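Proteins get letters first, then strands, A, B, ... in listed order; numbering begins at 1 in each. Predicted model, so just to flag it, every value in this text is computed and none were measured.
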Amino acid sequence: MLNKLLRENPFVILDGGMGTQLQANGLRTGECPELFSITHPEIVRKIHRSYIDAGSMIVYSNTFGANRYKLAECGYSVREVVEASIRVAKSAVENTNCLVALDIGPIGQLMEPTGSLSFDEAYDIYKEVILAGKNADLIVFETMTDLSELKAGILSAKENSDKPVICTMTFEENQRTFTGCSVSAMALTMQGLGVDALGVNCSLGPEQLKDVVSELSHWTTLPIIVKPNAGLPDPATGKYDLLPQDFAVSMVNHIVPTGAVILGGCCGTTPEYIRMLCQALVGVKPVKISTQIPSAVCSSSRTVLINQPRIIGERINPTGKKLFKEALRNNNLDYILSQGIEQVHAGADILDVNVGLPEIDEEKMMVRTIKGLQGVVDVPLQIDSTIPKVLESALRVYSGKPIVNSVNGEEKSLESVLPLVKKYGASVVGLTLDKDGIPKTAEGRFAIAKKIVQRANVLGISNDDIYIDCLTLTASAEQEGVMETLNALERVKNELGVKTVLGVSNISFGLPNRELVTSTFLTMALQKGLDLPIINPNVASMVGAVRAYKLLANIDKNSVEFIQAYNNTSTPKTPSTQNHQNISLDYAIENGLKKEGAEITEKLLETLSPMDIINNYLIPTLDKTGVAFEKGKIFLPQLIQSASVSQACFEVIKKKLISENNNPVSKGKIVLATVKGDVHDIGKNIVKVLLENYGYTVIDLGKDVDYEEVVKATVENNVRLVGLSALMTTTLKSMEETIKLLRKHCDCKVMVGGAVLTPEYAKQIGADFYSKDAKESVDIAKKVLG
Amino acid sequence: MITLEKLDYREALRYMGFQDGKADPNTLSMLEECEKSVLENSVPRYRYGVFDISETENGIVVGNTDLILQGNAIRKHLENCFAVVLMCATISGKIDALIRRTQLEDMSKAIIINSFSSVAVEQLCDKAETEIYSSLGKLYENCYKTWRFSPGYDDLPLSHQKTILDILDTPRKIGVCTNESHTLTPIKSVTAIIGLSHTPVAVSKRGCVCCRLKNTCPYRKAGHHCAE
């Protein structure tokens, strides 16, 4: 039906503001507008009618905030409100060709990790609205600012309705939404998910939105929607500055030339604005923009064009890494996230994410890792797993357009992976192997690549989104295979017109001077046309090879990137790099000298046992700084600086133990969590650093943690001490509930802390210990665990 | 639009526990860099509205809205006031991301950044207040203003947060939301109620009496105040 409208009209006209109209008819500030569909249906109908009379071809139902969160205290169910709203809109369009769109706005809470709303909750909330609004002709999401929330909504719509789905987000003049989502990220993600039209609404007037829409037209081939405000509001009165006639003229002059064809108004616009808009559009022809969407992937805030070599960081992967495996087993997300941050600093454009380990729940860990990484880095991610279910769970929660790693030429793989790639609008890595293994020759690998490309094309996956991996074999074992890989890569690139990807580190396995071999091979591959090298970006020569190649191949124009990367010769600002022969470990710890602390520890390990170092060096010094903190001689930043040095020392000890196949030292396990409903977790994280310093293994469950999850982790790990933190008076209740549940299922001690807690209250809610600060939590741990 | 150019070091240090702007060399050496990243990642925004108020048995009714301010503290705060400014300010979710990331990189830096971010949102509120008064116009000229009172102080319920945000349409206009536990998100956001009066208001500042942390507050124990 939407398509019919688009075919038959040069422009499809939407309606204007609903809220302002309702207010003009008696709605009070802050009151729930959607209830008017039940209490005053005749007013809502009248407003719809006046828009239809003015020329609207689609009216938005009065359901913008009709979700279970916003309607919580209004006395009506979502179903009642949505059904009433659709009913009244449907009665308004009777005997016209006008369509009714089920209007859906943001839920009203921020999504994780800044807020506490999870992807699954958002999906469910939207599902309820979509099912209740099934009689609408199409579904529209508008005024969205969080790409992740919008994605939850779109998936919910696609999976629970067969109606067309359109969406608009709200951008500011800097071309970002409040949550930092960019125009290109919105377009790439939404077009990938298969929406029918997309665009922008609210925030600004037509003139100020011109550049946003123009940018959008470079990133999508779908019909573009623009629903601006009636200009800019006066901050004191809230009145908008464009009159209906000016608005209409501005739409024709500024918005139509960008190629937009679905037009309407948002805040401050009335039926008069729509009438004027229709009049102004008489005789105006839509502008056809021919858009070739660039090959790209994105997070919600960063788009990476695949138009030159881009580095995929390979370090988030347990293969051959003992520390990483240990982190996975202990659910130590922070370790994994740190690996991500480190690679981005080193120059990675994209991060590969592989958390597969037979003994863990890979699906759960993958989702946690993807969510966690999205909260701390802005580069796009490559989801790496051999299990389709893991891929799909990650694809759902990924905010942006990711890469799926990988599909191969085997029938089973093609059948299970490619449909996921299509459904979620991702790019995909195609491995040139099949049930018979990796073909020896370039010819064989090319044939598999061709098959993968054909099969992907049939499903509608374009060549720009296919990255073929011709697979690196080890030179020491199959020396003649090296050129086969590179020749296959060249043919795939030139003859199939797709992009290429290659993990290069394998090449040098078993050889001396691996770095030299690997970086040389990388340069050879780049010369053959490699687009996406998968490397360890922390090795300077690897990133260097890519940068130098880009300079020499005239991609890095005027050597800007190269100079920026290497011209900065100033020495880092570490407080001291004096000869640490002369300084002691306790001096390093007390003065926050991390690097020196680690080096001294390494030296000490040559003559002392790990436990000696911990008990005789680290802990006494930490005790000393702890006492100084207690006495008010030093303050939190200093305490934590010391703790960070000590942490670095611990890392050295841990590495040594693991390399000798010894178990890492632990004085016992402690579960830490910021309770359900609370998103303030810096306090809990400080406690964690200190506890780890004293040799305790912390199972950090994060923030906003369900009661059951605390109990589960405590039981599963046989934990004797649980630490709970809460910052708000309102979340102390969650703390109490968590303790109650712990008492039912576990035999453990509970310590609690957080700004609003008092020792009396701690006792009242059944805690064993009140911890006034991080230092005291260590004292408690010593008491309970020794 | 308000921009923040300089953050108060002394105040940031006080949030970390240091007194009189004195701190150890390591902390001092990190201040400039941390201030810079907070300023770079802050996107200051605010919303406000002015509403007449009337006192009823149920509490103080705010204009033609559903907000009825409850409790004794706000009644006292708004004594002799004829109107209130409701305001909400935020330095945006980019700060949340910055704090999250920095905690993984360097916890002591994260503590400093967290303190600077709190300073930043307070400075934003100060600047916003000045802008608000200058735009109020004739009707409110020569008014006396109270200090900023927020839900959660003393006995003013935190549950007012959502109503205030709805009235100011903050989720849509500046991206500030709340959740079931009435936490404001992004984390460095503030809502406030400022009373307007034709007669001088008590000059009392935000003090310990109305503070929920008064029993465990480290400043108070050390004989200091956090509102000077």
**Prompt:** Heavy-atom distance under 4.5 Å to chain A: side chain of B:I99, backbone, both or neither?
**Reply:** side chain
**Asked** Which region of B:D96, side chain (C-beta onward) or backbone (N, CA, C, O), has a non-hydrogen atom less than 4.5 Å from a non-hydrogen atom of chain A, or is it both or neither?
**Response** side chain
**Message:** Testing the basics here: between B:T183 and A:H680, what is the closest heavy-atom pair and its distance to 0.1 Å?
**Reply:** CG2-CE1, 3.0 Å
**Prompt:** Roughly how far, to the nearest 0.5 Å, is CD of A:E73 from NZ of B:K162?
**Reply:** 6.5 Å
**Item:** A:H345 versus chain B, the contacting section by heavy-atom distance below 4.5 Å
**Value:** side chain
**Request:** Using ring-ring contact (aromatic ring centres under 6.0 Å, His included) as the criterion, list what pairs up with A:Y69, not counting sequence neighbours.
**Result:** none
**Message:** Could you tell me if B:R172 sits above the aromatic ring of A:F178, with its cationic atom closer than 6.0 Å to the ring centre and no more than 45 degrees from the axis?
**Reply:** no
**Side chain, backbone, both or neither of B:N114 within contact of chain A (heavy atoms, under 4.5 Å)** = side chain
**Request:** Could you tell me the separation between the CD1 atom of A:I634 and the CG atom of B:N26, rounded to the nearest 0.5 Å?
**Result:** 11.0 Å
**Atom pair OG1 (B:T185) and CG (A:L117), whose distance is rounded to the nearest 0.5 Å** = 10.0 Å
**Complete:** Under 4.5 Å to a heavy atom of chain A? For B:T27 that would be both
**Request:** Under 4.5 Å heavy-atom distance to chain B, tell me which part of A:K594 shows up: side chain, backbone, both or neither.
**Result:** side chain
**Message:** Among A:P637, A:S734, A:C202, which residue has the highest count of heavy-atom pairs closer than 4.5 Å to chain B?
**Reply:** A:P637
**Request:** Could you list the residues that satisfy ring-ring contact (aromatic ring centres under 6.0 Å, His included) with A:F635, not counting sequence neighbours?
**Result:** B:F18
**Request:** Could you tell me which of A:D678, A:L639, A:L110 has the largest number of non-hydrogen atom pairs under 4.5 Å with chain B?
**Result:** A:L110
**Asked** Tell me, do B:K173 and A:C267 make a side-chain contact under 4.5 Å, heavy atoms counted?
**Response** yes
**Asked** In terms of heavy-atom proximity below 4.5 Å to chain A, should B:T178 be classed as side chain, backbone, both, or neither?
**Response** both
**Request:** Taking the side chain as every heavy atom from C-beta outward, state whether A:T114 and B:I187 have any pair of such atoms under 4.5 Å apart.
**Result:** no
**Complete:** So, the part of A:E342 with a heavy atom under 4.5 Å from chain B: the answer is neither
**Complete:** Given A:T170, A:D234, A:T731, A:D334, the one with more heavy-atom pairs under 4.5 angstrom with chain B than any other is A:D334
**Message:** Among A:I682, A:V689, A:L636, which residue has the highest count of heavy-atom pairs closer than 4.5 Å to chain B?
**Reply:** A:I682
**Item:** Residues of residues 43-53 of chain B with any heavy atom under 4.5 Å of a heavy atom in chain A
**Value:** B:R45, B:Y48
**Prompt:** Side chains of B:K94 and A:T179: closer than 4.5 Å at any heavy-atom pair?
**Reply:** no
**Request:** Go through A:V679, A:I341, A:N174 and name the one with the most non-hydrogen pairs under 4.5 angstrom from chain B.
**Result:** A:I341
**Prompt:** Can you find a pair of side-chain heavy atoms, one from A:T29 and one from B:N64, that are under 4.5 Å apart?
**Reply:** no
**Item:** Portion of A:F629 that has a non-hydrogen atom of chain B nearer than 4.5 angstrom
**Value:** neither
**Prompt:** Can B:Q103 and A:V376 be said to form a side-chain contact (heavy atoms from CB on, under 4.5 Å), step by step?
**Reply:** CA-CA 10 Å; B:Q103 284 186 63; A:V376 295; over 6 Å; no
**Fill in**
To the nearest 0.5 Å, atom CD of A:Q109 lies from atom CD of B:E180 at 5.0 Å
**Fill in**
For A:G677 and B:S181 the tightest heavy-atom approach is O-OG, 2.6 Å
**Prompt:** Which heavy-atom pair separates A:M728 from B:L158 by the least distance, and what is that distance?
**Reply:** CE-CD1, 3.9 Å
**Item:** B:E105 side, atom CD; A:L337 side, atom CG - distance, nearest 0.5 Å
**Value:** 11.5 Å
**Prompt:** Side chain, backbone, both or neither: which part of A:P233 has an atom under 4.5 Å from a heavy atom of chain B?
**Reply:** neither
**Complete:** Closest non-hydrogen atoms of A:I686 and B:M107, given as atom of the first, atom of the second and distance, are N-CE, 3.8 Å
**Asked** Of all residues at least two apart in sequence or in a different chain, which pass the salt bridge (charged side-chain N to carboxylate O under 4.0 Å, His left out) check with A:R176?
**Response** none
**Item:** Flag side-chain contact, heavy atom, 4.5 Å: A:D681 against B:R100
**Value:** no
**Contact class of A:T145 relative to chain B, heavy atoms under 4.5 angstrom** = neither
**Item:** Top of B:T102, B:I132, B:L104 for chain A proximity - count of heavy-atom pairs under 4.5 angstrom
**Value:** B:L104
**Nearest-0.5 Å distance, OG of residue A:S644 to NZ of residue B:K109** = 11.0 Å
